[in-house]
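Lettering of chains follows the sequences in order, A, B, ..., and the numbering in each one begins at 1.
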Protein chains: 2
Amino acid sequence: MKALSRKEEIISTASHLFKEKGYNAVTMRDIAEAMGMKAASLYNHISSKQEILATLILEVANEFTRGMNAVISDVSSPLEKIQTIIEMHIDITVNYSEGLAALNNDWMHLENDHLKAFVKMRTDYEENFRTIIKQGIDSGEIHARHPEVILFSILSTLRTLYVWYQKRGKLDVNVLKKDMVAVFLNGIVNKH
Amino acid sequence: MKALSRKEEIISTASHLFKEKGYNAVTMRDIAEAMGMKAASLYNHISSKQEILATLILEVANEFTRGMNAVISDVSSPLEKIQTIIEMHIDITVNYSEGLAALNNDWMHLENDHLKAFVKMRTDYEENFRTIIKQGIDSGEIHARHPEVILFSILSTLRTLYVWYQKRGKLDVNVLKKDMVAVFLNGIVNKH
DNA sequence: TGACAAAACTAACGTTTGTTAGCTAGAATT
DNA sequence: AATTCTAGCTAACAAACGTTAGTTTTGTCA
């Protein structure tokens, strides 16, 4: 448990507020109050409200990109890759819950280069995921259904997981991974 | 195609803007400009910005409540009920895409009684869904996995569908229903 | 055509917003 | 001991916000 710099504390505090009310509904005065200081004092540590948002979102986005790069350069079957991606998402959800909320809800409030960088990372990520699914369909491992439906069923569940993970009294991470993988790979129907 | 009242036009216009940028980032002047008028003129038709949000969200929430009530009073198996719910969500997504965006992203900006009413409807809805899943597990139709994981996997996919439905060039609704039901009921693994 | 209502307008209001400027007390460094 | 750095403060800014008041234009129907 290493000590947070004042800047990191501010970003962390802001992220909790963003998660509850969204970027635009949280004021610098709200953040300052939660830190026990005045709004103007925040600017000794950060340069703008936008910087807080960008730091938060791009950190998580980089985490996803790193994870996906590891998966695609791995020698394993498409199904194994999908399983690894699901597990990676769950790990990131647990560790970066607030950043993930900002990424999901407030990415469109990023400006200029930050916005461009984010959109590119997200597009690349989805494209990589889509390719894996298609490979699985081609090899016969995955049912020949519309790949977009598979991609988005999995992705939207994983992306929204943060909303719900803390609400329900801390489901064990390993149970969560196991059941989530099972739901998507094998469905919910009990066949026998 | 019945003619929209001026009030309905405003709410519809606002809903498109809310979907892109979120409730707080859209100003009354933005809405007015999109309507080709001045902000003050909006108040000849609506009483407040909050009224727009509440109308939008509660209309969709009522639609879901109506649908769920129809499902639970139906004589059919849990699996059939889940299938019906998935199809209902897809229909609502197609018909109320913008309202659904507001419901998902901006419900927390509802005030007082509107907020209370919404939260109650959502809680009831989830509780009904959970009960159906549990019945399916008890009867053996559904795999005995953690019901929350099943509930959440399905619900979050359905709730996020609006983001993606229009983006990908208008996938046929019936194909979408068929594949989505198949993904959740049978999974993605091909067991030939 | 004149009367009336509907729906637009201009102007302004009181707040709230993100941010800057300048200051001060204490801690760290020289 | 003198200096510089750190991290807070008060005060204020210009812009943007939702909304109100009062006025003018437009359309409808007697």
Please set out all donor-acceptor pairs under 3.5 angstrom arising from side-chain atoms of residues 17-26 of chain A, sequence neighbours excluded.
from: A:Lys19; atom 1: NZ; to: A:Ser97; atom 2: OG; distance (Å): 3.0
from: A:Tyr23; atom 1: OH; to: A:Gln50; atom 2: N; distance (Å): 3.4
from: A:Asn24; atom 1: ND2; to: A:His109; atom 2: NE2; distance (Å): 3.1

A:Ile31 side chain reached by A:Ile52 side chain, heavy atoms, under 4.5 Å: yes
Sub-4.5 Å side-chain heavy-atom contact between B:Val60 and B:Phe118: no
side-chain hydrogen bond (donor to acceptor under 3.5 Å, both in side chains) partners of B:Thr131, counting only residues at least two apart: none
B:Ser47: partners by side-chain hydrogen bond (donor to acceptor under 3.5 Å, both in side chains), with sequence neighbours left out: B:Glu51
Could you list all N or O pairs between the protein and nucleotides 17-24 of chain D that sit under 3.5 Å apart?
from: D:dG18; atom 1: OP1; to: B:Lys49; atom 2: NZ; distance (Å): 2.9
from: D:dG18; atom 1: OP2; to: B:Met28; atom 2: N; distance (Å): 2.9
from: D:dG18; atom 1: N7; to: B:Arg29; atom 2: NH1; distance (Å): 2.9
from: D:dG18; atom 1: O6; to: B:Arg29; atom 2: NH2; distance (Å): 3.1
from: D:dT19; atom 1: OP2; to: B:Tyr43; atom 2: OH; distance (Å): 2.6
from: D:dT19; atom 1: OP2; to: B:Lys49; atom 2: N; distance (Å): 2.9
from: D:dT19; atom 1: O5'; to: B:Tyr43; atom 2: OH; distance (Å): 3.2

Contacting residues from residues 104-111 of chain B, given that a heavy atom lies under 4.0 angstrom of DNA chain C: none
Within residues 12-21 of chain B, residues whose heavy atoms come under 4.0 Å of DNA chain D: none
Length of the line joining B:Met37:CE and D:dT25:C1', which is rounded to integer Å: 14 Å
Length of the line joining A:Lys7:NZ and D:dG8:P, which is rounded to integer Å: 15 Å
Salt bridge (Lys or Arg N to Asp or Glu O under 4.0 Å) involving B:Arg66 - partner list, sequence neighbours excluded: B:Glu63
Contacts of type ring pair (Phe, Tyr, Trp, His ring centres under 6.0 Å), residue A:His89, not counting sequence neighbours: A:Phe64, A:Tyr125
NZ (A:Lys177) with more than 12 external heavy atoms under 6.0 Å: yes
Distance (rounded to the nearest 0.5 Å) between A:Leu53 CG and A:Ser15 OG: 11.0 Å
DNA chain C: 5'-most and 3'-most nucleotides touching chain A, 4.0 angstrom heavy-atom criterion: C:dT17 to C:dA21
Counterpart residues, side-chain contact (heavy atoms from CB on, under 4.5 Å), relative to A:Glu9 (two or more places apart): A:Leu4, A:Arg6, A:Met35
Non-neighbouring partners of A:Thr27 that pass side-chain contact (heavy atoms from CB on, under 4.5 Å), sequence neighbours left out: A:Arg29, A:Asp30
ring-ring contact (aromatic ring centres under 6.0 Å, His included) contacts in which one or both residues fall within residues 28-51 of chain B, not counting sequence neighbours: none
Under 3.5 Å: donor-acceptor pair, side chain of B:Asp74, backbone of B:Lys81: no
